[in-house]
Each structure stands twice: as structure tokens, then as C-alpha cells.
Amino acid sequence: MVSFALPSVRADCPGLQSQGVGACLKHLVCNERETRRKQYNVKVSSATLREVYLRPFEQIIHAAKPYCIMAAYNDIVRKGPPLSLTAERRPLLAQHRSTRHCSKRLSLRRAHHERLVWHKVRTRSIALVLTRRDGVASLKAGVDLEMPFPVTRGGRLVQAVRSGLVPIGHVDQAVRRVVDTAAKTPGKRDEERPFDNDPRRIALCRRVGADGMVLLRNTNHVLPLRPDADILVVGQHATRPSVGGGGSAMLNPPYVVTPLEAIRQAATGKVTHHPGVPAWRLVPELDSDLCGTVKINLRNVGSDQVVWSSEREKAAISLLDQRIAALGPDFTLDLETTIHPRQTGRHLLSVFCVAETEVYLGDRLVETIHPPHISVEQFLFERFDFETILPVDLTRDVPVTLRVTSKSKPKTGMEPPPQGLRIGLVYDVDVSESIRQAEDLARSASQVVVVTGLDSDWEGEGSDRANIDLPGHQGELVRRLAAVNPNVVLVNQSGGPVDLRCADRVSGIVQAFYGGMECGNGELGLGVITDGSAIADVLFGTVNPSGRLAMTFPKTLEECPTYEAFHNDSDGLVYEEGSLFGYRSYLHRQIQPAYRKSRSIDSC
């Protein structure tokens, strides 16, 4: 585990920090489940904790010296020799620090309730770590900075200091480490710069995307594709590719070039596209593909004056990280745009809102929505559980005005109320008919490329997948196409393993992972024209797919080492596999997975 990560981190971390940006190592420790991540307890043996899960932190800290460490949300209940100290035994930690010959020493630690998981690791780094359950106890244990949400210190810490429960010296030490860390980074950042269209940067992104792809199968030399062949490209991901993970890993690239665009640019023969089957978890966001300019106005309750307005391409806004001086706590958010349908029939209009919301199409009130309480965590990472989906009939090329009025959410508890709105729209596909159409096209095509996978909604933050299946009916689509054409290539985009038994009859498989903005290429609309793409470079043989799998792909979910112990609905996560995790478990149990870690046939 460490052998793959450590060389990269040893170079990346100092490089990042040399530019005045602090690196943060996370999450300490045993943060293997996202679902209900604030509620569960980890049960792990002392040996496993030390040898498997704490060891990488120790090696990276000593080798790369990151500025900060972020703790996990979960608690740890150890099995075996004691690894826990009460928060009141901080003098022992301080005494242990003084035995090391470095100017600032740190024991990796995670405070939860009144307990502390402790491991003897020292470094010059300064801990700026996240805590959750008891902000006062965690400060005493050495957690310097509390990051939202929710806030568990606030006035409680002030009260604890005034009452003598927390010595002011603990606060001083935490503040000093925060100030010292801040001093290592510039106090003022340059203003955000537009993307510079640097050809070297673009070429690097494309090369990295291609180098990370793994060729898992190439039967009968179906790859590389023949540029002059009639090629059928199938799948939602061919036009809406997955460029990266979700949650805190999500970035907005300056552009995204799709696999379909790249294949069309590289091919000299006919290229046909069929959208295949839906693979979304959250209804795709309404944007300039289906609507005109989106206008958003904010007004304080009781006033007709617009205090803030915006025009944008996407029908979504989040006010969680915005501060608008003239906006009071009670306000209304008005969103208006014109929908331009491309198909006739039933569409799915989705609304994610935090308070009472009215939805109008033209002059008709479609729905008044009264959502349940939504926390900041749910607002950021679990929108798919709270969106309201409304079936609406639309006619191709007949524009219709969409108007949404949403109230603000009142503050409850310690955290700020999440404020915002998101609108989605998609044509309601008849799956059976769509697969039949794709089959008909595949029968007459020389070569077929099926682009499948997950996206940032399936592989995001705050929740885990319930299985390793390809979402929706993607598996059935792949099976049906492979049954009518022997030259099918599957390109899968996912950050983790998926069940690929549906591809048993497929001739070629490329695991593309998340290739970033250069996963496709063509006319970028930014004054830049490039001549290939990460996926197209691999498919047409411009680049040899030399990547290696960083994880094992099991044949079934039941083969996974943690299948019996890992349950999303439980309050306890037991590390029953001990040190027999990942590939070790398959070797120990003599199970042949679908594709082993480090797998690649490395040749087209």
C-alpha cells in the first residue's frame, strides 16, 4: 500500500509546499466507510492498526513532512493491548514529545468522546485536524483546528476555559500551531487567473490521462481501432464523461473534451453515436445544452428590491460559501430560464431545494415542494436522496419558461443553514427500446466502442456504493451488444472496481479511470485545437496503454475480503480481515479475481 503512494507523495508534498500551499494528510485513521461516517465505530486489532493503517501515515509524515493532518470522523475501539489514553493524560504526550530532537513534535492522534487513539509518530509538522463529537475534549488531546460542519466548540470552549475545565495553555498551544502554519503560506493570494491555454499543460494532462489507462483485454487484436472503419460509439459517458471524483475531490475544469469528439476527430470513417441507457444517480443538471441563460435573483422577505443577481449557464447555485452583505437571513431565491427541448415526450424535471419551493412551467404551477430538514453534509454530498423528480411532457423545439421560487432555510443548531437550489432535466428513456436500437446499429458497424462507468455522484463523498454493479442497465447493454458484434471494445470510467462479468464476450476492455479534462479532445472553444485525446490516443494506438491496476477487481462483490464485515447500515465496522486485506486476501484464500492488482496486458 505504501510502496505505491510514498514515492509520489515524497515528491508532490514538498513541491506543493514550496509554492506556499500546505499539504494535508488525511484521514487519520481507518476511514474506510463514507456512509454514516459520523455515526460508526471501528473495531480493529492493535497489530492491524499499527502495521497496516498507521504505518503509511508514519512513513509519509517522515518522508514528506506535510503541514497538516486531518482526522477521520469515525471512532476507534481497539482490540488487543491498550492504544488509548484519556484526554486528561496529555502531560504524558508532552513528555514523550520532549524526548525527540526536533523543533516542533507531533503525536498522531484522534480525539473522540473522552478517549484518544495514540501512536508514537513524531514530525516537524503541525497538526491542523478535524474533529466532531466533543470539541473540548479533542482540544485537550491536541486537535488544533476544528473544521465545520457541525461546530462542536464555539461557545462551549469559551465556557470550558472560563470554568477551568480547559487550561488556557491548551488554547495557546493550538493557536500557536495554527499561526505558525499560516505563516508558512502567503498572507495574500494572487487573484484567480483565467486558464492560459498553455499547450504544454494541455499535453501533460492528456499524457497523464492516457498513461493511467489499463488494457485488460485485447482478443483477436481488436485494438487498435482502424481509423477508416465504421465505428459505433455507445453510452452516456461518451458525451458526458467522468473527469473526476465527487465531494471534496470535485473540480471544475476549464473545458472537457468528450470521448465521442475525440474519436470523431481521430477517425476517417463514419462514426455514429447512440446514447445507450441512463447511468446517472442524480438527474443531470439543466445547463446550456437544454436551456438558455439562467437568471437568478435574491430578494429579502418583504422587499421587491433585488439585492443580488446572477446570469449563468447552469441552473444551480450554492450560497453556503458566499457572503452577500445586503442579504438578510430571510429571503427568496428566484430562478428563471427557457427550456429548449430536443425530444418530444416525457422528461424528468428534478428540484433539489432546502425550503418551500414553487415550480412553474409557463404560467402553470407544477409543484410546491416541502423538503425535510437537510444538513450541511446532506446538502453537499447526498443530494440524490433529497431531489424531487417531476415528470413533465415537453415538445421538441417548443420552448417553455421555467420559473422556480425558493424560500431560505432558517438556522437550526450550531451549523449555518445550507442555502441553494439545483435543477435537473433529462429525457425519460425507454430502456428496452433504447437497447434494441443500439443492437440494430451494432449489427452493421465494423467496430463498437461502449463507454460505461460511474461518475462523481456514485463515487463521491458521504456515501458508499451498495454494490459493484455498473449502474442502471449498462451491464445488459454491454451483453446485448457483444452478442451481435464480435468487435466490441468496452471503455470503463470508474475510480474503483466494477463487476465486469457483463463483458465476458467483449473483445477489448480498457479501464480508463477518471481521465480529467483531456479524456477527449477536438475543438475546445478556447482558441485551442488539439490532435487527440487520452481515450482516443489509446483506442487508436497513438499511446501504448501502459498503466497498471492499483487495486484488485473481484469477479463478484461476495469475493471481497470485507464482504461479511462491511455493512453500510451498521454502527460498527469490524476489521475482521486483519492484515489480509486486498490482494493478500485473494492469495490467502486462493481466489482468482477478475483482474489482479498491477494487471495489464500492456500492448495493443
Side-chain angles (χ1 to χ4, degrees), residues 4 7-8 202-227 229 231-235 237-238 241-245 256-267 271 446-454 470 478 482 486-500 502-522 530-553 583 593-604:
F4 284 91
S8 173
I202 293 172
L204 176 61
C205 290
R206 189 168 112 217
R207 191 189 79 192
V208 170
D211 286 350
M213 295 185 192
V214 181
L215 182 62
L216 296 178
R217 184 186 302 166
N218 191 17
T219 305
N220 300 325
H221 299 288
V222 68
L223 291 174
L225 299 177
R226 302 195 318 273
I231 301 173
L232 171 65
V233 181
V234 182
H237 286 77
S242 300
V243 299
V256 175
V257 185
T258 70
L260 178 61
E261 291 172 328
I263 291 171
R264 281 179 168 159
Q265 184 180 15
V271 177
S446 301
Q447 297 174 315
V448 179
V449 177
V450 191
V451 189
T452 64
L454 310 173
L470 286 170
V478 172
N487 298 316
V488 175
V489 176
L490 173 65
V491 178
N492 184 69
Q493 291 190 293
S494 65
V498 294
D499 186 339
L500 291 178
C502 63
D504 286 345
R505 298 178 62 180
V506 165
S507 295
I509 301 178
V510 175
Q511 174 61 27
F513 295 102
Y514 293 145
M517 64 191 190
E518 281 290 320
C519 68
N521 225 324
T530 48
D531 59 356
S533 76
I535 288 177
D537 283 347
V538 169
L539 292 180
F540 287 96
T542 305
V543 172
N544 185 52
S546 56
R548 297 289 187 272
L549 285 183
M551 74 287 288
T552 298
F553 275 49
Y583 71 93
Y595 301 102
R596 291 192 181 277
K597 179 181 179 181
S598 298
R599 163 71 185 239
S600 175
I601 63 175
D602 194 24
S603 177
C604 285

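Looking at heavy atoms from C-beta onward, V450 lies out of side-chain contact with V506 at the 4.5 angstrom threshold.
Taking every heavy atom of both residues into account, A238 and P259 meet most closely at O-CD, 3.3 Å. Minimum heavy-atom separation, S494 to G496: OG-O, 2.8 Å. Residues P224 and G541 approach most closely at CB-N, 3.6 Å, considering heavy atoms. When every heavy atom of A262 is checked against every heavy atom of A536, the shortest pair comes out as CB-CB, 3.7 Å. Closest approach of I231 and R226 over heavy atoms only: CD1-O, 4.0 Å. In terms of heavy-atom proximity, V214 sits nearest to F513 at CG2-CE1, 3.8 Å.
Residue L223 holds its CG atom at 4.5 Å from CG of N218, rounded to the nearest 0.5 Å.
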Is there a side-chain contact (heavy atoms from CB on, under 4.5 Å) between I535 and M213 once you walk through the steps? CA-CA 8 Å; I535 288 177; M213 295 185 192; 3.4 Å; yes

Apply side-chain contact (heavy atoms from CB on, under 4.5 Å) to L490 and L216, showing your working. CA-CA 10 Å; L490 173 65; L216 296 178; over 6 Å; no

Does N492 form a side-chain contact (heavy atoms from CB on, under 4.5 Å) with I509? I'd like the steps, not just the answer. CA-CA 8 Å; N492 184 69; I509 301 178; 5.8 Å; no

With side-chain contact (heavy atoms from CB on, under 4.5 Å) as the test, would you mind laying out the steps for Q511 and F553 before giving the verdict? CA-CA 11 Å; Q511 174 61 27; F553 275 49; 3.8 Å; yes

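With V449 as the fixed residue, the side-chain contact (heavy atoms from CB on, under 4.5 Å) test singles out one of V234, V491, V488: V491.
For N487, the side chain to side chain contact (heavy atoms under 4.5 Å, CB included) partners are V222, Q447, N485, not counting sequence neighbours. Applying the side chain to side chain contact (heavy atoms under 4.5 Å, CB included) criterion to T542, with sequence neighbours excluded, gives D537.
In this structure, the side chain of S507 engages the main chain of P486 through a donor-acceptor pair within 3.5 Å. Side chain of R217 to backbone of L215: no donor-acceptor contact under 3.5 angstrom is found. The backbone N or O of T258 sits nowhere less than 3.5 Å from a side-chain atom of H237 that would complete a donor-acceptor pair.
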